[in-house]
Number of protein chains: 2
Amino acid sequence: MLMHNPPHPGEVIRELCIEPLGLSVTDVAKALGISRKTLSNILNGHAGISPEMAVRLSIAFNTTSESWLNQQLHHDLWFAEKERKKLKVKKLVA
Amino acid sequence: MLMHNPPHPGEVIRELCIEPLGLSVTDVAKALGISRKTLSNILNGHAGISPEMAVRLSIAFNTTSESWLNQQLHHDLWFAEKERKKLKVKKLVA
DNA sequence: TAAATTGTAACCCATAACGTTACTGGTTAC
DNA sequence: GTAACCAGTAACGTTATGGGTTACAATTTA
């Protein structure tokens, strides 16, 4: 499964949370209680969503932390699955 | 949500994958292509399931990588959510 | 008794999540 | 046009985590 390259959660934050509200990155970083650099890294795909960050996002944008971590999961897994064939693993169950 | 403390994925691996098959930790580590210490750390809850490890488990035990990472997600989130009230975050959406 | 198994301590390395400070370039406002 | 704001990011440090090797102690099994 997981057929298409899932967007990194930063894109979703920007397009669905920040831009519609007309907020600045600086203001959102302050609201989240993190540095502007940390938020910028997330928005531009240079950092992932940590469990704590998922909770912060869920508070600020009135969502669930699980949904944010799930997006990160699918993004990480898409890259990990690309390397599946390169892993030297023996099947223990048919 | 997430009412009860979810078990760490290591417990699940031991109880649902290793013990039923009568395998040794040493043998499973070799099959997974990782060190015995790394597997031991996972089994005893001293390390989490990385995306790559989820893919290894999915190959060895004929499961999905997503299911393993999802268990890790819920485990991590359970601890992160416990700190929710301590986070200084301002609501941007009602 | 001898061999195998397991947990783990001690050490290494690489990566990642956070922070601060500071620079640069682009927009907006006056 | 100049001052203010805004965003990306480079450079630095700290802390934590995943992974490896080696080695030891305790237990189990043959």
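Any value given below was found using the heavy atoms of this structure, including those in side chains, with hydrogens, waters and symmetry copies removed. Everything numeric here is computed off the predicted structure, so don't read it as measured data. Chain identifiers are assigned alphabetically (A, B, ...) following the order of the sequence lines, protein sequences preceding nucleic acid strands; residue numbering begins at 1 within each chain.
In this entry the distance linking CG of B/D76 with P of D/dA16 reads 16 Å, nearest Å. Residue A/K88 contributes atom NZ, which lies 17 Å from atom C1' of D/dG19 at whole-angstrom precision. D/dG20 atom P lies 10 Å from atom CG of B/L39, rounded to whole Å. Summarising the geometry, the separation between NZ on A/K30 and P on C/dT20 is reported as 13 Å, rounded to the nearest angstrom. B/L43 places its CG atom 14 Å from the P atom of D/dG18, with the value rounded to the nearest Å. As a whole-Å value, the separation of B/N44 CG from C/dT5 P is 17 Å. Between the P atom of C/dG7 and the CD1 atom of B/I42 lies a distance of 12 Å, rounded to the nearest Å. One can place NZ of B/K37 at 16 Å from P of C/dC13, the figure rounded to the nearest angstrom.
The line from CG of A/L57 to CD1 of A/I34 is 7.5 Å long, rounded to the nearest 0.5 Å. Taking CG of B/L92 as the start and CG of A/D27 as the end, the distance is 8.5 Å to the nearest 0.5 Å. Taken to the nearest 0.5 Å, the CG atom of B/L73 stands 10.5 Å off from the CG atom of A/D76. To the nearest 0.5 angstrom, A/K90 atom NZ is 13.0 Å from B/I59 atom CD1.
Between B/H8 and B/N44, the closest heavy-atom pair is NE2-C, 3.8 Å. Contact record, B/E66 with A/L77: CA-CD2, 3.5 Å, taken as the closest heavy-atom pair. Minimum heavy-atom separation, B/R14 to B/P20: O-CD, 4.0 Å.
As judged by a 4.0 angstrom heavy-atom cut-off over every strand, B/N41 is placed among residues making no nucleic acid contact. Among the atoms of the strands shown, base atoms are found under 4.0 Å from some heavy atom of A/S40. Here B/I34 lies in heavy-atom contact (under 4.0 Å) with sugar-phosphate atoms only.
Of the residues in residues 46-53 of chain B, those placing a heavy atom less than 4.0 Å from an atom of DNA chain D are B/A47, B/G48, B/S50, B/M53, in numerical order.
No side-chain donor from either of B/R84 and A/S65 sits under 3.5 Å from a side-chain acceptor of the other.
One finds no side-chain N or O of A/R56 lying less than 4.0 angstrom from the OP1 or OP2 phosphate oxygen of C/dC18. OP1 or OP2 of C/dG19 sits under 4.0 Å from a side-chain N or O of A/T38. Phosphate contact (OP1/OP2 of C/dG19, side-chain N/O of A/S35, threshold under 4.0 Å): present. The side chain of B/S24 places no N or O atom within less than 4.0 Å of a non-bridging phosphate oxygen (OP1 or OP2) of C/dA4.
Relative ring orientation between B/W68 and B/F61 is described as tilted, the plane-to-plane angle lying within the 30° to 60° band.
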Base, backbone or nothing for each nucleotide of nucleotides 23-30 of chain D, written B, S, -, heavy atoms under 4.0 angstrom, 5' to 3'?
B-------

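Residues satisfying the salt bridge (Lys or Arg N to Asp or Glu O under 4.0 Å) test with B/E15, not counting sequence neighbours, are none.
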